[in-house]
Protein chains: 2
Amino acid sequence: MGTTQLETVPEPKYWHLKTVLSEALDSEFAVGEILPNERELAARFGVARATLRQALEQLELEGRLQRRRGVGTTVAPPRVGVDVGPAQGGAQGWPGAPGDVWHTEYGEEAEPPAPVARLLGVGEGTAVHAVFRSRTSGGQPVATEVVYVPAGSVPELPEAPGEAAEGAEGAARGRAVLRELHRLDLDGQDRSVELGSARADDARRLDRLPGAPVLVVTTRYIAGGRTAAVGIATFRADTCRLTFADSGAVPALVG
Amino acid sequence: MGTTQLETVPEPKYWHLKTVLSEALDSEFAVGEILPNERELAARFGVARATLRQALEQLELEGRLQRRRGVGTTVAPPRVGVDVGPAQGGAQGWPGAPGDVWHTEYGEEAEPPAPVARLLGVGEGTAVHAVFRSRTSGGQPVATEVVYVPAGSVPELPEAPGEAAEGAEGAARGRAVLRELHRLDLDGQDRSVELGSARADDARRLDRLPGAPVLVVTTRYIAGGRTAAVGIATFRADTCRLTFADSGAVPALVG
DNA sequence: GAGTGGTCTAGACCACGGG
DNA sequence: CCGTGGTCTAGACCACTCC
């Protein structure tokens, strides 16, 4: 190092630290390798632990590091590309269609959050079907999703027992909701992606702490000119790169 | 508040604070309103300023707040939906095609970052055309982009003067590169979205501090079976929601 | 110059994972 | 049990904006 700060506008220490660490990660560490602990790193660089942590947080946000309480800080593998392109759920495009990469875990009745109720065109406080799904990549959980389906979209579905179903029964109920949904003709769908922070339950499923940064993908399924269902998918932002193969018979973005 | 912590697993203070503040924002504050300053809020809640800041940081990440040094903390408007769907650049799909929402600012020769060089299939250290563009929404800058175009994709382009062109001349040069690109038949494109942190130059253009969270959209343009160009777009994660209208003649996701 | 958020320090204790 | 990262404190000073 041995920098002689000639900067007229001095860089913050944590920013400089981040650069130095980033270069060290490229040249001196292998994926999965465990770094010295925070107290030692801070001492080595001559900064307070909080300052060092600010640099580590940024590197973790960028997917370069992985930190685990009680374990340590390790060098993260490159982000995995996760396909969320159109028709990911098979030719039909509906969630749960053949070829879908999600695993249906559970179905129940629930009141959707207010923004979802608005998209669905149902009043706030109206209970709809909620199907919980999860997605893994390379053995690691990468995303959780809730698909909200208003009763009007699946009129043939037999009335559910009022109580939440347990285990296998709940999964069967979730699959039944999606199966009924497939009877509709899907006109199209649109998606949006935004940054969010993991709620406590999502964090647990994703093996992260509450508040961890996530990419929230909102999918609106259109059938018969109406919004037939809405999916809210929550991807780990530290480990995922969302890929969209928009058109053409093109292999997915590599890397 | 007056909570009597009956939680067996006590919530972190900043997490609880975030919830309280979030509810207060919903009910007691209007968009654009200025909050009390950090020292006063910390005192009011009986926590250290650093703890309060942890809560504010999360709320800013979620797009609920906007903080500006020397000014204060204000309530942010809802995130703007920014269309990045296929064919956003007009029927052709190329960057800079008629109807494109980006503003071309500058063109020069530059060495692309290593991952981009890999996508382009050129060796590291090879200079390519780099076209800088920007995008605004509602008068606010929301994104910057660099489109990298290897010389082989635009063989007809007259050789550039070695030096960087200034002002209007640079913009003209950038537009010339894109115009030449349009002579190719676009076979398709794929995109990926991931979380990143703003480099110093992007941060300045986006009116944010270095390290601010951004959504990085990588677009690969395919022509003649090869990667003809690669665009790296950087969107403000706090103010933007990226929208993809995947299929069907469907209006964009509202909200 | 006054007031704001941004950076930094030097401590302390806690929750978790693994031996 | 010990070592790890996670939370929290009570200060200090700096950079920026606006008056």
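By convention in this document, chain letters (A, B, ...) are assigned in the order of the sequence lines, proteins followed by strands, and residues within each chain are numbered from 1. In this text the structure is predicted, and so the values were computed from the model without any measurement.
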Item to check | Nearest-0.5 Å distance that lies between atom CD in B:E111 and atom OH in B:Y148 | outcome: 10.5 Å

Checklist entry - If you find the nucleotide of DNA chain C closest to B:G72 and the one closest to A:A48, which residue's nucleotide is nearer the 5' end? => result B:G72

Next on the checklist: Please report the distance, rounded to the nearest Å, between CD in A:E11 and P in D:dC14.
Outcome noted: 18 Å

Checklist entry - What's the CD-C1' distance between B:E38 and C:dG6, to the nearest Å? => result 8 Å

Item to check | Interatomic distance, B:Y14 OH vs D:dG6 P [rounded to whole Å] | outcome: 9 Å

Checklist entry - Going by modelled atom types, is there a donor-acceptor pair between the base of C:dG6 and the side chain of B:R68 at under 3.5 Å? => result no

Checklist entry - Are any of B:N37's side-chain N or O atoms less than 4.0 Å away from OP1 or OP2 of C:dT4? => result yes

Next on the checklist: Using whole Å, what does the distance between atom C1' of nucleotide C:dG3 and atom CG of B:L35 come to?
Outcome noted: 16 Å

Checklist entry - What integer distance in Å separates A:I34:CD1 from C:dG18:C1'? => result 12 Å

Item to check | Spacing of OG1 belonging to A:T74 relative to CD belonging to A:E60, to within rounding of 0.5 Å | outcome: 9.0 Å

Checklist outcome for this item: Of A:T73 and B:G46, the one whose closest nucleotide on DNA chain D sits nearer the 5' end is A:T73

Next on the checklist: I'd like to check the salt bridge (Lys or Arg N to Asp or Glu O under 4.0 Å) partners of A:R68; sequence neighbours left out, ordered by chain and number.
Outcome noted: A:D207

Item to check | Whole angstrom value for the distance that separates C1' of D:dG6 from NZ of B:K18 | outcome: 16 Å

Item to check | Atom of B:Y14, atom of A:P210 and distance for their closest heavy-atom approach | outcome: OH-O, 4.1 Å

Item to check | Length of the line joining A:R39:CZ and C:dT9:P, which is rounded to integer Å | outcome: 16 Å

Next on the checklist: Counting neighbours of CD on A:E33 that are heavy atoms of other residues, nucleotides or ligands and sit closer than 6.0 Å, is the number greater than 12?
Outcome noted: yes

Checklist entry - Which of residues 49-57 of chain A have a heavy atom under 4.0 Å from DNA chain D? => result A:R49, A:R53

Checklist entry - Does A:R208 reach the side chain of A:V214, with side-chain heavy atoms less than 4.5 Å apart? => result no

Next on the checklist: If you compare all heavy atoms of B:A55 against all heavy atoms of B:L17, which two are closest, and at what distance to 0.1 Å?
Outcome noted: CB-CB, 3.9 Å

Next on the checklist: Restricting to side-chain contact (heavy atoms from CB on, under 4.5 Å), what partner residues turn up for B:S134, sequence neighbours left out?
Outcome noted: B:H103, B:E105

Checklist entry - Can you find a heavy atom in the side chain of B:W102 that is under 4.5 Å from one in the side chain of B:V131? => result no

Next on the checklist: Near DNA chain D, counting only heavy atoms under 4.0 Å, which residues of residues 197-212 of chain B show up?
Outcome noted: none

Checklist entry - Roughly how many Å is it from CZ in A:R67 to P in C:dG17, rounded to a whole number? => result 16 Å

Polar-atom pairs under 3.5 Å, protein N or O versus N or O of nucleotides 17-19 of chain D: list them with distances, or write none.
none

Next on the checklist: Between A:R64 and A:D26, does any side-chain N to carboxylate O distance fall below 4.0 Å?
Outcome noted: yes

Using atom types as modelled, flag every donor-acceptor pair under 3.5 Å from a side chain in residues 39-49 of chain B to any protein atom, sequence neighbours excluded.
residue	atom	partner	partner atom	Å
B:E40	OE2	B:R44	NH2	2.6
B:R49	NE	B:E38	OE1	3.0
B:R49	NH2	B:E38	OE1	3.1

Checklist entry - Is the shortest side-chain N to carboxylate O distance from B:R173 to B:E109 below 4.0 Å? => result yes

